[in-house]
There are 2 protein chains.
Amino acid sequence: MSGAGVKRGRPPAFDRTTALTAATRLFWEHGYEATSVGELTRAMGIKPGSLYAAFGDKKSLFKEVVHTYGRSPVGAFIGTALEEEPTAHGAFRRILCEAAAVYPDPSHPAGCLTISAATNVTVQDAEVAAFLRDLRNANLAAFETRLTTAQQQGELPAAANPRALAAYFAAVIQGMSQRARDGATTMELTETAELALDAWPQAQD
Amino acid sequence: MSGAGVKRGRPPAFDRTTALTAATRLFWEHGYEATSVGELTRAMGIKPGSLYAAFGDKKSLFKEVVHTYGRSPVGAFIGTALEEEPTAHGAFRRILCEAAAVYPDPSHPAGCLTISAATNVTVQDAEVAAFLRDLRNANLAAFETRLTTAQQQGELPAAANPRALAAYFAAVIQGMSQRARDGATTMELTETAELALDAWPQAQD
DNA sequence: TTAATTATAGAGCGATCACTCAAGAACGTG
DNA sequence: CACGTTCTTGAGTGATCGCTCTATAATTAA
């Protein structure tokens, strides 16, 4: 083999991560189809040829954006809380409170990219919508798994319904993302989070 | 004046209401920008010239669709429940249960048109997104008004927060619409509705 | 019948879409 | 230096976008 780490040819004039961040902001704000390649190249500071050489086509760029977003602090806080918190109640309390803090944060577009970036798509881009829908439904399944475990460990009463609770919290979180895009503040969303937690099952006595 | 009700010239070959219904289904399913004029004319059974003569431009057609939708049973059930139910608790219980029944109904596209038809728009169509956002926020204000009245009439305890409750139910409903578009069934959404109602303030004793 | 009016069908407008290509510039290696 | 390789540039591809125009068909009024 020839040297694996040797760089040959003209070096790229742009930072790949920086360009990806610019693309993320656009897709986050306007969604997949409402963001044109022309807007992307302008925001990323590169020409179409460079974009297609570095990221493939528009769909591949979007998937890479979603993948990177899901591994960023803003995009991964749900999975992190599910893993780190010792109790399911603590995990969902933390998820809701962090969503209230993160979704309206003015340092990035409002709401969750995964929830809102492919709501309106043409027939020929249905695959992109399905891609995000699968991510959301996988998240729902993770909620249910965490709640089922909590019930088996005795944290949740036997009468509780882990699947229904998971769907409920998924709906609340998706609604909070929508409300943030409509202008809701962290204060309002925190109140929403607190009310949402009132639905947590209480042990029957 | 000449006769006001007299029809002159060639009569239209299509039914305006039927055409509007076809346009509604498309906008409901794919949203404003992801629905092309070509798809609209094909579904409505008319040519571009007829569409523009009868409805103005694409934006005017969309606004008429939203207006008509808001006056249909499917689009008006929230306002109807707020008016008809004697208690605020009864109103929100009915709203949530009807949302669970209506949003996944296979006789029309899933979810609520007002919630999801203009999530992803280009910069030049920001006005359309603002149009629906204003409708959603007006709905939120109606929730708050209804809850404030309930508190003044003693239905809600003094410690309750009408604004926070309104925002909470708005988020839940928007989340239920999203979940319906992701495949949630009436059964699942009914469970979500029941859990959501657990947050209703209880009188302190 | 003739004129006035309105709706139709179908071609086609400029602009923008995602995307590609050819030419040249910037690098490491001989 | 020349060579191979990679990246940048800028023009330009066909397709589709929202929308308009013209010619003609269908109706009522005179």
Side-chain angles (χ1 to χ4, degrees), chain A residues 1-20 22-23 26-27 30-65 117-118 120-128, chain B residues 1-20 23 26-27 30-65 118 120-128:
Chain A
M1 302 183 183
S2 54
V6 180
K7 303 266 185 175
R8 300 204 305 183
R10 179 174 176 171
F14 67 96
D15 179 62
R16 202 174 189 282
T17 303
T18 304
L20 205 59
L26 281 182
F27 281 133
H30 299 289
Y32 176 70
E33 278 189 340
T35 303
S36 71
V37 173
E39 291 171 315
L40 287 166
T41 55
R42 185 152 37 85
M44 299 164 84
I46 60 179
K47 304 289 178 180
S50 301
L51 187 150
Y52 283 89
F55 300 100
D57 61 3
K58 186 186 177 186
K59 200 173 290 187
S60 300
L61 170 60
F62 179 73
K63 290 184 178 175
E64 187 168 341
V65 159
N120 307 132
V121 293
T122 57
V123 182
Q124 57 265 26
D125 280 329
E127 179 208 332
V128 177
Chain B
M1 302 183 185
S2 51
V6 180
K7 303 266 185 175
R8 302 204 304 182
R10 179 173 177 173
F14 68 96
D15 178 62
R16 202 173 189 284
T17 303
T18 304
L20 205 58
L26 281 182
F27 281 133
H30 299 290
Y32 176 71
E33 279 189 340
T35 303
S36 72
V37 173
E39 291 171 314
L40 287 166
T41 55
R42 186 152 37 86
M44 299 163 84
I46 60 178
K47 303 290 178 179
S50 301
L51 186 149
Y52 282 88
F55 299 100
D57 61 2
K58 185 187 178 185
K59 200 173 290 188
S60 301
L61 170 60
F62 179 73
K63 290 184 178 176
E64 185 168 343
V65 159
N120 308 133
V121 293
T122 57
V123 182
Q124 58 263 29
D125 279 330
E127 180 208 330
V128 177

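Keep in mind that what you see is a predicted model, and the values were worked out from it rather than measured. Chain letters run A, B, ... following the sequence lines, proteins first and then strands; every chain starts at 1.
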Check the distance between [N]'s [atom2] and [X]'s [atom1] and give it to me in whole angstrom.
X	N	atom1	atom2	value
A:Met44	C:dA18	CE	P	13 Å
B:Asp125	C:dA15	CG	P	18 Å
A:Glu33	D:dA15	CD	P	19 Å
A:Arg42	D:dG10	CZ	C1'	17 Å
A:Phe14	C:dA26	CZ	P	17 Å

*Contact class for A:Thr122 vs. all strands (heavy atom < 4.0 Å): base, sugar-phosphate, or nothing?*
nothing
Quiz item: When we call it a touch if two heavy atoms are under 4.0 Å apart, what does A:Thr41 touch: a base, just sugar-phosphate, or nothing?
Solution: nothing
(request) Taking A:Lys58 for its side chain and A:Thr35 for its backbone only, find out whether a donor-acceptor pair lies under 3.5 Å. (result) yes
Residues passing the salt bridge (Lys or Arg N to Asp or Glu O under 4.0 Å) test with A:Arg16, sequence neighbours excluded, are A:Glu64
For nucleotides 20-30 of chain D, 5' to 3', base contacts (B), sugar-phosphate-only contacts (S) and non-contacts (-) with protein non-hydrogen atoms under 4.0 Å give B----BBBSS-
Does a side-chain heavy-atom distance below 4.5 Å link [X] with [Y]?
X	Y	answer
B:Glu33	A:Asn120	no
A:Val121	B:His30	no
A:Val65	A:Leu26	no
A:Tyr32	A:Lys63	no

The residue, B:Gln124 or B:Leu51, whose nearest nucleotide of DNA chain C is more 5′ is B:Leu51
- request: Give a yes/no answer on whether the side chain of B:Ser50 brings an N or O atom under 4.0 Å of OP1 or OP2 in C:dT8.
  value: yes
> Between D:dT9 and A:Lys47, is there an OP1 or OP2 to side-chain N/O distance shorter than 4.0 Å?
Replying inline: no
B:Gln124 meets the side-chain hydrogen bond (donor to acceptor under 3.5 Å, both in side chains) criterion, sequence neighbours left out, with none
Across all chains, not counting sequence neighbours, the side chain to side chain contact (heavy atoms under 4.5 Å, CB included) partners of B:Arg42 are B:Glu39
Residues in residues 55-62 of chain B with a heavy atom under 4.0 Å of DNA chain C, by number, are none
Donor-acceptor pairs are to be reported for all side-chain atoms of residues 45-52 of chain B against protein atoms at under 3.5 Å, with residues two or more places apart or in another chain.
none

